[in-house]
There are 2 protein chains.
Amino acid sequence: MTEHPSAALTSALSFQIGVLGATVTDLFATRIAPLGLKPKHAGLLALLAREGARSQAEAAETMGVAPSLLVRLADQLQDLGAITRERDPGDRRRQELALTAEGTALLESCDQVAERIDATLTSDLGPAEVAALRHALSVMTGFGPSSQRGE
Amino acid sequence: MTEHPSAALTSALSFQIGVLGATVTDLFATRIAPLGLKPKHAGLLALLAREGARSQAEAAETMGVAPSLLVRLADQLQDLGAITRERDPGDRRRQELALTAEGTALLESCDQVAERIDATLTSDLGPAEVAALRHALSVMTGFGPSSQRGE
DNA sequence: CGTAAATGATTCAAGGTGTGAATTACTTGG
DNA sequence: CCAAGTAATTCACACCTTGAATCATTTACG
């Protein structure tokens with residue numbers, strides 16, 4: 001019997017993850033705002049760092065956003081000097097995005113912000129509990145469609 | 001030494017929770033759309049079910065949204081017949097929101113949707129792992145400001 | 001070959017969501 | 001009884017994101 005008569009929605013995992021995710025992302029956004037970045041910018045930087053230079057279409061696909069949005073994000077990152085945009089010599093339709101030193105530094109800063117948030121987030125959890133959470137997240141992140149959104 | 005040179009942001013808990021939360025909330029939104037509801041509507045219904053009739057200002061505070069937005073949400077729920085809005089006799093500035101039978105039914109539907117999402121989300125986790133996740137979430141949800149957003 | 005379909009990037013207009021300021025109604029404290 | 005504070009509401013505005021249209025380039029194929 002897994003039926004809860006009025007399980008109150010609030011106790012659903014998906015609801016809690018949604019709420020917590022929104023809160024955490026808001027906090028992350030305000031903390032990186034001084035850098036001139038928003039969460040999706042950070043997501044794109046992280047994507048480039050993980051998988052190297054990619055075409056914009058591929059990046060949009062993996063981030064789950066419209067290609068037209070990725071153009072703007074790339075524009076803004078380029079204005080910040082965080083990425084370079086070069087035509088692929090082999091296929092001149094493609095723009096290859098690559099991190100600059102500046103971009104790597106910005107990503108580092110975002111990383112530090114995220115880790116500080118992690119610290120407060122898990123301050124009431126033991127190491128084993130954090131490990132269990134990390135494991136569950138890593139499993140769940142690889143579900144549904146191929147998703148890697150910029151938060 | 002808790003320093004990870006290029007810990008890649010992607011591995012930060014806050015980042016993963018943010019990304020997963022956005023994905024899950026999107027999915028939830030599309031599934032409850034046929035009911036005429038959006039995640040925040042569901043959040044408000046759940047709040048009323050948990051804590052009973054409240055003034056709009058209190059509801060806005062706990063949900064972390066502007067009072068002006070709560071007016072709209074309440075308007076729309078009222079149009080659906082999901083809630084009633086009555087002036088508090090003791091303080092005629094206040095509007096008391098209360099669930100109707102229709103609203104309770106809608107909340108039930110949202111709950112079922114969320115639980116179905118939970119099922120797919122945790123399909124690759126064992127019962128103990130799910131319990132650990134649930135525990136970690138319940139601890140973390142009670143952090144930072146008093147937050148109970150509508151996803 | 002060389003033309004048609006497909007793919008990538010880009011721009012633009014439009015929709016939806018949320019906020020802050022201004023307004024009105026009501027309550028409360030001096 | 002008046003002033004300040006609080007609740008609800010409306011409204012205009014800003015922001016994010018998308019889809020459609022456009023242009024450049026590549027690829028498939030007749």
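Just so we're on the same page: letters track the sequence lines, and every chain starts at 1. Source: prediction; values computed, not measured.
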In whole Å, what is the span from the [atom1] atom of [X] to the [atom2] atom of [N]?
{"X": "B:L69", "N": "D:dC15", "atom1": "CG", "atom2": "P", "answer": "18 Å"}
{"X": "A:H41", "N": "D:dC15", "atom1": "NE2", "atom2": "C1'", "answer": "13 Å"}
{"X": "A:L73", "N": "D:dC15", "atom1": "CG", "atom2": "P", "answer": "15 Å"}
{"X": "A:D75", "N": "C:dT11", "atom1": "CG", "atom2": "P", "answer": "6 Å"}
{"X": "B:E61", "N": "C:dT19", "atom1": "CD", "atom2": "P", "answer": "12 Å"}
{"X": "B:L44", "N": "D:dA8", "atom1": "CG", "atom2": "P", "answer": "12 Å"}
{"X": "A:D88", "N": "C:dA9", "atom1": "CG", "atom2": "C1'", "answer": "13 Å"}
{"X": "B:R72", "N": "D:dC13", "atom1": "CZ", "atom2": "P", "answer": "14 Å"}

Legend entry - Nearest-nucleotide 5' precedence on DNA chain D, A:A66 against B:Q95: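 That would be B:Q95.
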Legend entry - Contact nearer the 5' end of DNA chain D, comparing A:P89 with B:V71: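 This one resolves to B:V71.
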Inset, instruction - Give a yes-or-no answer on whether the side chains of B:Q16 and A:R134 include a donor-acceptor pair shorter than 3.5 Å. - result: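 No, because no side-chain N or O of B:Q16 sits under 3.5 Å from a partner of the opposite role on A:R134.
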Inset, instruction - Using only heavy-atom distances, determine whether the side chains of B:E58 and B:S55 contain a donor-acceptor pair under 3.5 Å. - result: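 The answer is yes; a qualifying pair exists.
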Legend entry - Salt-bridge contact A:R93-A:D88 (side-chain N to carboxylate O under 4.0 Å):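 Result for this pair is no, no salt bridge flagged.
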Inset, instruction - Keeping the roles fixed (side chain from A:T25, backbone from A:A22), state whether a donor-acceptor pair exists under 3.5 Å. - result: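 Side chain of A:T25 to backbone of A:A22, a donor-acceptor pair under 3.5 Å: no, none is there.
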Inset, instruction - Ignoring backbone atoms, establish whether A:K38 has a side-chain N or O less than 4.0 Å from OP1 or OP2 of D:dC15. - result: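 Answer no for this pair, as no side-chain N or O of A:K38 is under 4.0 Å from OP1 or OP2.
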Legend entry - Distance test, side-chain N/O of B:R93 to OP1/OP2 of D:dT6, below 4.0 Å: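 No, no such contact exists.
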Inset, instruction - For A:L44 and A:A59, work out which heavy atoms get closest and say how close. - result: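 Where A:L44 meets A:A59 most closely, the heavy atoms are CD1-CB, 4.1 Å.
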Legend entry - Nearest heavy atoms of B:V130 and B:T122, plus distance in Å: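 Of all heavy-atom pairs spanning B:V130 and B:T122, the closest is CG2-CB, 3.8 Å.
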Legend entry - B:S68 vs A:D91, nearer the 5' end of DNA chain C by closest nucleotide: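 The residue closer to the strand's 5' end, by nearest nucleotide, is A:D91.
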Inset, instruction - Give the nucleotide from the list C:dG8, C:dG18, D:dT9 with an atom nearest to the side chain of A:A57. - result: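 For the A:A57 side chain, the nearest candidate turns out to be C:dG8.
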Inset, instruction - Taking the side chain as every heavy atom from C-beta outward, state whether B:L99 and B:L106 have any atom pair closer than 4.5 Å. - result: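 B:L99 vs B:L106: side chains apart.
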Inset, instruction - Check each residue of residues 80-87 of chain B for a non-hydrogen atom within less than 4.0 Å of any atom in DNA chain D, then write out the ones that pass by number, or none. - result: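 Only B:R85 qualify.
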